[in-house]
Amino acid sequence: MKPFTLNYARPAAESQFATPYAYDPGLQLNVLFDGGIAARDHALLRELATTTSTAGSKTHFDD
């Protein structure tokens, strides 16, 4: 018997664009490719509204 929710589950869609930042595990922050902190880039925040990563769920057990 297949659970009801699996009738509607779909794989996550691939992102159509690359983010202009990457997660730095040493700093535990998203950083721009020039080394600046992504959260301090006001133009980036206006464009994307956030700089999210999956780091919290991978490194913290209380999330």
Side-chain angles (χ1 to χ4, degrees):
M1 177 176 201
K2 184 162 81 171
F4 175 77
T5 55
L6 291 182
N7 291 329
Y8 302 97
R10 295 184 204 147
E14 288 291 323
S15 179
Q16 300 269 339
F17 61 94
T19 56
Y21 56 86
Y23 181 70
D24 183 331
L27 294 174
Q28 293 189 355
L29 292 170
N30 289 321
V31 294
L32 302 170
F33 296 121
D34 67 1
I37 296 174
R40 291 185 181 159
D41 187 333
H42 296 271
L44 176 68
L45 293 175
R46 279 192 299 273
E47 184 73 24
L48 301 178
T50 185
T51 61
T52 59
S53 70
T54 59
S57 61
K58 292 180 182 176
T59 59
H60 297 85
F61 299 110
D62 60 348
D63 285 350

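If you read the sequence from its start, that first residue is 1, and numbering goes on from there. Values reported hereafter were calculated over all heavy atoms of this structure, with side chains retained and with hydrogens, waters and symmetry mates removed.
- When all heavy atoms of F33 and Y21 are compared, the closest pair comes out as CE1-N, 3.9 Å.
- In this structure the side chain of N30 never reaches within 4.5 angstrom of the side chain of T19, judged on heavy atoms.
- The minimum heavy-atom distance linking P20 with L44 is given by the pair CG-CD1, 3.4 Å.
- Scanning both residues, L27 and V31, for their nearest heavy atoms gives CD1-CG1, 3.9 Å.
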